[in-house]
Undergrad: 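Questions regarding the structure given below will be posed in turn.
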Amino acid sequence: MVGFTVIIPARYGSTRLLAKALADIAGVPMVCRVAEAAQRAGAKQVLVACDDARILDACNAHGIKAMLTSPDHKSGTDRVLEAATRLGLTAREIVINVQGDEPRIPAEAIATLARNMDEQGLDRATLMQRIVIEADIANPNVVKVVASQKGQALYFSRSPLPYARNPPPDGFRYFRHIGIYGYRVDALKDYVSLPASDLEEVEALEQLRLLEHGRGLHIFESPVEVPVGVDTSEELETTRRAFE
């Protein structure tokens with residue numbers, strides 16, 4: 001497989017948990033835990049793209065490569081593009097965008113996404129995982145996704161998706177989206193050039209911009225379980241216990 005780059009967007013002013021990127025997890029800042037997983041995935045380089053010198057300093061202190069990017073970016077994807085451009089990545093190189101609040105993401109999930117993109121020549125791809133906790137189907141913090149039989153994402157939502165007007169058949173599976181994206185650099189530039197969409201604004205899910213503008217997004221089922229990221233103080237404590 002050709003080499004790939006992992007870029008982890010991180011900002012200091014998280015809406016729900018202030019300074020979430022620097023939250024201590026068994027003696028290491030959260031964003032550095034994400035970077036450690038990315039390094040184990042075999043990326044040729046791993047970079048934290050941040051908006052605050054405090055995150056930059058924390059990464060440097062733990063041996064993680066980091067770059068200070070504009071504080072004015074509206075999304076993590078915008079931040080990833082700035083970093084990819086400044087790294088001098090070429091148009092067809094693969095960039096994996098791993099969210100900075102996924103400290104327990106398995107390295108195998110990252111490697112699988114990069115490998116599938118490379119082998120199938122895909123421009124854009126992401127991951128999903130079967131929902132096994134029934135309450136998650138209605139949990140707005142768990143993003144649901146439906147896909148076509150050819151592996152194209154059809155829609156993402158915080159609501160139950162699909163809505164079960166009739167009893168689902170035996171073996172029917174609901175899927176949650178895993179917050180990891182793979183882009184070729186030229187596809188990343190194309191995404192950022194698109195205006196924000198109505199669906200994106202209503203659901204507060206930036207990946208819907210791609211679908212509403214008619215861009216395909218391939219989605220693979222993760223070969224390994226990916227624990228949920230950290231959005232709440234309760235999830236942060238669960239993550240800390242897992243590392244301890």
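Every value quoted in this text rests on a predicted model; they were computed, and no experiment measured them.
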Undergrad: Hey, could you give me each pair passing side chain to side chain donor-acceptor pair (under 3.5 Å) that has a residue in residues 191-206? Not counting sequence neighbours.
TA: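 Checked against side chain to side chain donor-acceptor pair (under 3.5 Å) - neighbours excluded - the pairs reaching residues 191-206 are T77-E206, Y155-E203, S157-E203, Y191-E206, S197-E212, E200-R209.
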
Undergrad: May I ask you to test the L47-I8 pair for a side-chain heavy-atom distance under 4.5 Å?
TA: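 No; the side chains remain at least 4.5 Å from each other.
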
Undergrad: Taking I180's backbone N and O only, do any of them form a donor-acceptor pair with Q99's side chain (distance below 3.5 Å, no angle check)?
TA: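 Here the side-chain-to-backbone pair does not exist.
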
Undergrad: Within the distance-only criterion (no hydrogens, no angle test), does the side chain of R215 pair as donor or acceptor with the backbone N or O of L210 below 3.5 angstrom?
TA: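 No, the answer is negative, given that no donor and acceptor are paired below the 3.5 Å cut-off.
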
Undergrad: Are the side chains of C59 and C50 in touch, meaning some heavy atoms are under 4.5 Å apart?
TA: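 A side-chain contact is absent here, since even the closest heavy-atom pair is not under 4.5 Å.
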
Undergrad: If you compare all heavy atoms of A49 against all heavy atoms of A83, which two are closest, and at what distance to 0.1 Å?
TA: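 Here A49 and A83 meet closest at CB-CB, 3.9 Å.
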
Undergrad: Please find the pair of heavy atoms, one from L127 and one from A109, that lie closest to each other, and give the distance.
TA: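 The answer is CD1-O, 3.5 Å.
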
Undergrad: Is there a donor-acceptor pair closer than 3.5 Å between any side-chain N or O of E119 and the backbone N or O of N116?
TA: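 No, because the side chain of E119 does not come within donor-acceptor range (under 3.5 Å) of the backbone of N116.
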
Undergrad: Answer whether the closest heavy-atom distance between the side chains of H62 and P29 falls below 4.5 Å.
TA: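 A side-chain contact under 4.5 Å exists here.
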
Undergrad: Minimum heavy-atom separation for I55 to A21, with atom names?
TA: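 Smallest heavy-atom distance, with atoms named: CD1-CB, 4.0 Å.
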
Undergrad: Taking C-beta and beyond as the side chain, do Q45 and V6 meet within less than 4.5 Å on heavy atoms?
TA: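 Answer no - side chains too far apart.
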
Undergrad: Using every non-hydrogen atom in the two residues, find where Q39 and I64 come nearest and quote the distance to one decimal.
TA: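 Shortest heavy-atom separation between Q39 and I64 comes out as NE2-CD1, 3.7 Å.
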
Undergrad: Between T5 and L89, is there a side-chain heavy-atom distance shorter than 4.5 Å?
TA: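 Sidechains of T5 and L89: in contact.
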
Undergrad: Considering only heavy atoms from C-beta outward, does the side chain of L81 approach that of Y183 to under 4.5 Å?
TA: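 The answer is no; the side chains never approach within 4.5 Å.
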
Undergrad: Fit a plane to each ring of H218 and F220, take the angle between them on a 0 to 90° scale, and name the class: parallel (under 30°), tilted (30 to 60°) or perpendicular (over 60°).
TA: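 Tilted: the ring planes of H218 and F220 meet at 30° to 60°.
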
Undergrad: Does Y163 sit in a hydrophobic cluster with other residues, and if so which ones, taking ILVMFWY side chains as linked at heavy-atom separations under 4.5 Å, directly or through other members?
TA: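 Result for Y163 is none, singleton.
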
Undergrad: Not counting sequence neighbours, which residues clear side-chain hydrogen bond (donor to acceptor under 3.5 Å, both in side chains) with E93? List them please.
TA: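 E93: side-chain hydrogen bond (donor to acceptor under 3.5 Å, both in side chains) contacts with K44, T90.
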
Undergrad: Does L188 reach the side chain of D186, with side-chain heavy atoms less than 4.5 Å apart?
TA: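 Not touching, per the 4.5 Å side-chain cut-off.
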
